[in-house]
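Before any comments, here is the structure.
All of these numbers come straight from a predicted model, not from anything done at the bench. Letters A, B, ... mirror the listed sequences (proteins, then strands); counts begin at 1.
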There are 2 protein chains.
Amino acid sequence: MPGTAASRQFPCQTCEVRDKVICAALDDEELRHLSAIATAVELKAEGVVFHEGDDSTYLFNVVTGSLRLSKLLPDGRRQITGFLFPGDFLGLSIADVYAYSAEAMTETSLCRFSRANLTKMLERFPKLEHRLLDLASNELAQAQDHLMILGRKTAIERLLTILLKLAERVGQRDSNGMTIELPMSRTDLADYLGLTTETVSRTITRLRNEGAVKTPNWRTICIPKGVELALRTGD
Amino acid sequence: MPGTAASRQFPCQTCEVRDKVICAALDDEELRHLSAIATAVELKAEGVVFHEGDDSTYLFNVVTGSLRLSKLLPDGRRQITGFLFPGDFLGLSIADVYAYSAEAMTETSLCRFSRANLTKMLERFPKLEHRLLDLASNELAQAQDHLMILGRKTAIERLLTILLKLAERVGQRDSNGMTIELPMSRTDLADYLGLTTETVSRTITRLRNEGAVKTPNWRTICIPKGVELALRTGD
DNA sequence: CTTAGTCATTGACATTAATCAATCCAGCAC
DNA sequence: GTGCTGGATTGATTAATGTCAATGACTAAG
């Protein structure tokens, strides 16, 4: 019965990522408490969430859009440690400063919690802490795959690996195969893959020439059906 | 009063890593319960704890010794994702199979828990889950540093980075500086650093010629006091 | 419509690290 | 001690990727 106190909707109930991130661990009643400490944050493309070394005051759910996480060496060399999409969690860290920077690649909306408030919620709802541990384990497994990419794969293998991964996260499947709208620049790809933009560009050209991908424009990459299958089963 | 039930010692109380790993989160009384589900495991050098892809039935504390964690590509290329030492935790994973192999580099003793039993303990002692989350966050931060090594550092920077890190974990400080007894082979170092054994060897030779390290024998590396300081402040 | 700016692509060349092939050396069996 | 064995080291060469420079393509402003 809409309008009664018991059934009144609160923002989280209708959130796109209600059943993802940390919210998935809670029922509607519990979520109401989480909702009370959450703040919506909107970012334009290239907007900064936080910088490496900032006090880690907040944690975030990614609701819409896309982010890149990166670390810098003193001389400016950059390593992107991850790309984030709706349903990802941002800010897991025991340290009191962020170990990396987080920037929006496209228009992005986040759900923000103060560390202090979230810590209280964790004490109240152990399920929430359990969920965070799951998320952390996942991130760890992803990081290990990323280590394999950077340490032991060739340029072409690196590209194919991330294309397949992006296909899973942001790919649109149709009868011809998979279409990926890249939210990131060639430089971002390069800094994720441990390559230069030139090598990324040349490698994409090579994949196109070999018929492994089509590139209607530079943000869009299509992987034909047959190719995708061949790649997933290991060439 | 030794001998009374209340004061009788149980193994964990006198454990070398009592105040590390997950045990640090518990008081003596709670630790007694954890003790009840723990099994000691001894491994010789090169002994296998588990293989990538095995059912992830157990989790471990490292009590003494040293381990390497590694992943393989189908063609045999190997990436070592981490080295473990006393006080480290092994097996964090949400998946039902291990994402990497774990092997002893030296004689090693572990403290083993079945996942099922440990899960029960987590429900009983939320502190324990909190501790696991801290450990996972730490691992994540380490993995991100490792990504920077592999993606953006030169061979010589990679070597120096890991030498300093090993110095922190297994280094002996004396008046001349830091001495590191390497538990791993050149091949292990190479597979951690994303290089070949030849490049590792040549790079160590180069460091020796430049006076940055001394190598009394191939397992031992000394970093003179002045050099260590210079390195930590960033060359 | 033109122009400026940004990013992607391509080309020529340099460099780093990998590969392939000998030694070298310490530890161990005999 | 002598010879064997398995890393480690060194050398010569190659291949992959980086660097530097030019060109091309799209977008947005005027």
Side-chain angles (χ1 to χ4, degrees), chain A residues 44-46 68 73 75-80 103 105-107 149-163 180-210 213-222, chain B residues 44-46 68 73 75-80 103 105-106 149-163 180-210 213-221:
Chain A
K44 297 221 170 73
E46 301 307 311
R68 63 169 168 256
L73 290 176
D75 65 2
R77 279 174 289 174
R78 185 178 72 152
Q79 179 63 47
I80 291 183
E103 295 146 338
M105 296 191 294
T106 57
E107 197 173 324
I149 291 179
L150 295 180
R152 287 294 178 232
K153 293 194 181 181
T154 64
I156 201 159
E157 290 170 325
R158 294 183 199 200
L159 234 321
L160 288 173
T161 307
I162 196 185
L163 286 180
I180 307 164
E181 284 293 316
L182 297 177
M184 72 286 286
S185 67
R186 294 293 187 262
T187 304
D188 288 340
L189 279 177
D191 286 347
Y192 180 89
L193 296 175
L195 301 169
T196 58
T197 58
E198 293 93 331
T199 300
V200 168
S201 190
R202 276 189 254 267
T203 305
I204 290 175
T205 301
R206 198 172 138 203
L207 287 173
R208 182 173 350 97
N209 292 341
E210 289 173 355
V213 302
K214 287 177 190 159
T215 54
N217 63 65
W218 69 265
R219 316 223 98 190
T220 312
I221 295 199
C222 306
Chain B
K44 297 223 170 72
E46 302 306 312
R68 64 171 169 257
L73 290 177
D75 65 2
R77 280 175 289 175
R78 186 178 72 153
Q79 178 63 46
I80 290 183
E103 294 147 337
M105 297 191 293
T106 57
I149 291 179
L150 295 180
R152 287 294 176 234
K153 293 194 179 179
T154 63
I156 201 160
E157 290 170 326
R158 294 182 200 199
L159 233 321
L160 287 173
T161 307
I162 196 185
L163 286 179
I180 307 165
E181 284 291 318
L182 296 178
M184 72 286 286
S185 67
R186 296 290 187 263
T187 303
D188 288 340
L189 280 177
D191 285 348
Y192 180 88
L193 297 174
L195 301 169
T196 58
T197 57
E198 292 94 329
T199 300
V200 168
S201 189
R202 276 188 253 269
T203 306
I204 290 175
T205 301
R206 196 171 140 203
L207 288 173
R208 180 172 354 94
N209 292 341
E210 289 170 356
V213 302
K214 287 176 191 159
T215 55
N217 63 65
W218 69 265
R219 315 223 100 194
T220 312
I221 296 199

Regarding A/Ser185, tell me which of base, sugar-phosphate or nothing describes its non-hydrogen contacts under 4.0 Å with the strands shown.
sugar-phosphate
Going by heavy atoms in the side chains, are A/Arg78 and A/Asp188 under 4.5 Å from each other?
yes
Return whichever of A/Thr199 or A/Arg152 has its heavy-atom-nearest nucleotide of DNA chain C closer to the 5' end.
A/Thr199
Answer yes or no: is there a side-chain heavy-atom contact under 4.5 Å between B/Arg158 and B/Leu150?
yes
Please tell me if A/Thr187 has a side-chain N or O lying less than 4.0 Å from either OP1 or OP2 of C/dC7.
no
With nearest nucleotide decided by heavy atoms, which residue, A/Ile204 or B/Thr154, maps closer to the 5′ end of DNA chain C?
A/Ile204
5'-most contact on DNA chain D: A/Leu195 or A/Pro216, nearest heavy atom basis?
A/Leu195
Does the pair B/Glu181/B/Arg219 count as a salt bridge with the N-to-O cut at 4.0 Å?
no
Round to a whole Å and report the spacing from CH2 of B/Trp218 to P of C/dC25.
16 Å
Separation of A/Ile149 atom CD1 from D/dT17 atom C1', in whole Å?
17 Å
Here the distance between atom C1' of C/dT6 and atom CZ of A/Arg219, to the nearest Å, is 12 Å
Between C1' of C/dA17 and CG of B/Leu150, the distance in whole Å:
14 Å
Salt bridge present between A/Glu210 and A/Arg206 (N-O < 4.0 angstrom)
yes
Using atom CG of B/Asp191 as one end and atom C1' of C/dA18 as the other, report the distance to the nearest whole Å.
14 Å
Provide, to the nearest angstrom, the distance between the CG atom belonging to A/Leu182 and the C1' atom belonging to C/dT9.
15 Å
Please determine whether a side-chain nitrogen or oxygen atom of B/Arg202 lies at a distance below 4.0 Å from atom OP1 or OP2 of D/dT9.
no
Separation of A/Glu198 atom CD from D/dT23 atom P, in whole Å?
16 Å
Which whole-number value in Å describes the distance from B/Asn217 CG to D/dG7 C1'?
13 Å
Can you confirm whether A/Glu157 is buried at CD, in the sense that more than 12 heavy atoms of other residues, nucleotides or ligands lie under 6.0 Å from that atom?
yes
Answer yes or no: does a side-chain N or O of B/Thr196 lie under 4.0 Å from OP1 or OP2 of C/dT19?
no
